[in-house]
Structure formats: C-alpha cells, structure tokens
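Input: a single structure, listed below in structure tokens.
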Amino acid sequence: MTEDVHEVYAIRYGHHDRRSSVNFIDGDPHDALQPLDFFVWAIVGPSGVTIVDTGFDEAMGQKRQRQITKPLREGLLALGVTPESVERVIISHLHYDHCGNYDLFPRARYHLQDREMAYATGRCMCHRVTRTPFEVEDVVAMVRKVFDGRAVFHDGEGEVVPGVTVHHIGGHSKGLQSVRVKTRRGYVVLAADASHLYAHIDGARVFPVVYNVGEVLEGYATLKRLATSPRHVVPGHDPLVLKRYPAVKPALESWVVKLDVEPKDG
Ligand SMILES: [Zn+2]
Ligand SMILES: [Zn+2]
C-alpha cells in the first residue's frame, strides 16, 4: 500500500421506510416505497482510521422515528475499529443523523467546515424550517469540542491526511462537505447528503431538506469532477449501496460493505 492509498467502508446503522414522493422537492409521480438507509463511513490507510460522520443513537432514533438496524459501535467493532482509538472524525454536516453519538470517539479531533458551524449557531436556527434537521445537544457538543481544542476547521477545500480531502458543497446544509478518498480503484467520493440517493445525482433532482437549491444542483457537477468516474460517487442514504458493493465478509451482508472495489450494476 502506498502512503496515500486507502480502503473505504460503508457501515449501515439505521433505516427509514418512506414514500418516494417525500424524497424529491417536486414529488414523484410513482410514489413508490423508497426507503433511506443511514450510514457512517470508515477510511482506513497508512495514517490510521478516519471516520466520516457519527450517526445517531437509539434514543434519537426513537425521537425521530428512525430505526436503528445495528448500533454504530457494533458496526465499527465488526470492522475491527475500536471507537476509543479513533483519532480523526470528519463531520459532513451537523444534521442529527450525521453528528450524534458525540461521546463515542473520546480521542478524536473533528473536521468540519467554518460555514456549517456558523450556520448551526447563527440566525438561521431562529427559523423552524431550517432548524428542524438539527438537534441542539448535537450542536452544543460540537461547541464544547471547539473549546476543548478538538475541532479542526476547513474553509472550502482541505486535506485531512494525504489522500483524504474535504470539499465544501453547501446546498443541502450551508456548510455541507463531501470527502474524496484516494483508493486503489481511483478517487472515491463520499457525497454524504450532497446526494442522498443515486436518483438525486443521476436525475438532477433535489431532496426536500435544502438550504440552497442552486448549490445542490451545482454540487452534482462538483462530485463528478472530484471522482474518477460517476460510478465512484457514493450517495449518503441509498440502500442500493449495500447491493452494489460487496460485504466485507458474509456475516456482514447488508451491514458493512467495501467501497474501494468496482460496484456491480443495478
Ligand atoms: Zn442532512
Ligand atoms: Zn442525512
């Protein structure tokens, strides 16, 4: 393994059944069942482990009526990652499903965008519509990390370790960032909520939780530019990810999959 080439994994921890009509800003004529899965990602390389996003816990799942399929800690351990040993976490954005479990990584420093912290603590949180995807305790926990010297801020593009970079996309949340990882397959891009489903980036459609529609649409081109090919972009909430990419081992089927190999079609 050369010094900037990484392995990448998606760990599913949650699930939510919903209709396709609520997954797009202008609805969906089919109105079929189109569930969302909830993921955390692990990047493993010569500099150690970097975790992307921290999910939510059982209590938050109950509050938000989202199902926990496997607690995040179990998924990490199944992959051989002890949360207490993780030194780096990237937070794509501060929505409740991406920054909960905030005590799970006591040694980690957290990488996020200036604009996301400002957004989550500023005037837009006065409005119910823009506040809804955030949880005050999650945001306060991040403020505490800032004061503890455990936050690392990026403005636009930034390197986390050689071969792993963050890229401001905005759109869905003001400071949303996606993550580009150099792998043996080429550059894989973890979109997180820059594209919830393949249907969003493939069809230039927009998920209804949004700060700036124009930035969402422009973001799709950025994701494709960052990735070696459009097939290297991994959406943030699509159950198809578990079908297209192979499980790490049979016991982890539909739970932990490997993203640094070519996906199957379908
Ligand atoms: Zn989000
Ligand atoms: Zn999300």
Side-chain angles (χ1 to χ4, degrees), residues 10-18 20 22-25 34-42 51-57 60-61 63-69 72 75 89-102 110-113 115-122 124-125 127-139 141-142 166-179 189-201 205-220 222-223 233-242 259:
I11 303 164
R12 181 174 82 137
Y13 70 90
H15 182 79
H16 184 228
D17 278 331
R18 53 203 268 147
S20 60
V22 297
N23 284 336
F24 304 97
I25 210 164
Q34 190 177 47
L36 299 183
D37 274 340
F38 294 85
F39 296 97
V40 158
W41 300 270
I51 298 298
V52 180
D53 289 344
T54 58
F56 57 77
D57 63 11
M60 186 55 63
K63 178 178 176 185
R64 296 263 182 173
Q65 297 182 307
R66 283 7 179 200
Q67 176 199 357
I68 293 279
T69 50
L72 175 56
V89 169
I90 297 169
I91 295 292
S92 66
H93 62 309
L94 289 167
H95 287 172
Y96 79 94
D97 53 322
H98 296 262
C99 68
N101 291 303
Y102 39 76
Y110 284 63
H111 293 252
L112 71 166
Q113 290 280 324
R115 271 168 280 200
E116 188 65 358
M117 196 75 210
Y119 181 51
T121 52
C124 282
M125 296 305 107
H127 307 295
R128 184 186 57 78
V129 170
T130 36
R131 184 174 66 224
T132 296
F134 295 88
E135 285 285 337
V136 64
E137 293 307 328
D138 290 346
V139 175
M142 190 58 74
V166 291
H167 303 265
H168 175 252
I169 302 280
H172 166 72
S173 188
K174 190 171 185 180
L176 172 72
Q177 59 184 357
S178 298
V179 183
V189 173
L190 303 173
D193 289 3
S195 187
H196 283 64
L197 303 170
Y198 285 105
H200 289 107
I201 187 169
R205 301 169 79 186
V206 179
F207 192 77
V209 176
V210 64
Y211 171 77
N212 182 312
V213 170
E215 283 184 7
V216 173
L217 294 165
E218 290 294 309
Y220 297 145
T222 304
L223 295 173
V233 177
V234 181
H237 285 280
D238 202 324
L240 283 173
V241 169
L242 297 171
L259 301 174

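Counting convention: from 1, in listed order, for ligands and their atoms alike. Just so it is clear, the structure is predicted and the values come from calculations on it, not from any experiment. Along the sequence shown, residues carry numbers from 1.
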Problem - Residues forming a ring pair (Phe, Tyr, Trp, His ring centres under 6.0 Å) with Y211, sequence neighbours excluded - result: Y119
Problem - Residues forming a ring pair (Phe, Tyr, Trp, His ring centres under 6.0 Å) with H111, sequence neighbours excluded - result: H154
Exercise for the section: Check whether any side-chain heavy atom of I25 lies under 4.5 Å from a side-chain heavy atom of V216, and answer yes or no. Expected result: no
Handout entry: Partner set under side-chain hydrogen bond (donor to acceptor under 3.5 Å, both in side chains) for E215, not counting sequence neighbours
Key = none
Problem - Proximity of F38 and H237 rings by center, below 6.0 Å - result: yes
Completion exercise
Under 2.8 Å from the Zn ion (ligand 1), the protein N, O or S atoms found are H93 NE2, H95 ND1, H172 NE2, D193 OD2
Practice task
Spell out, as yes or no, whether a donor-acceptor pair under 3.5 Å connects the side chain of N23 to the backbone of Q34.
Solution key: yes
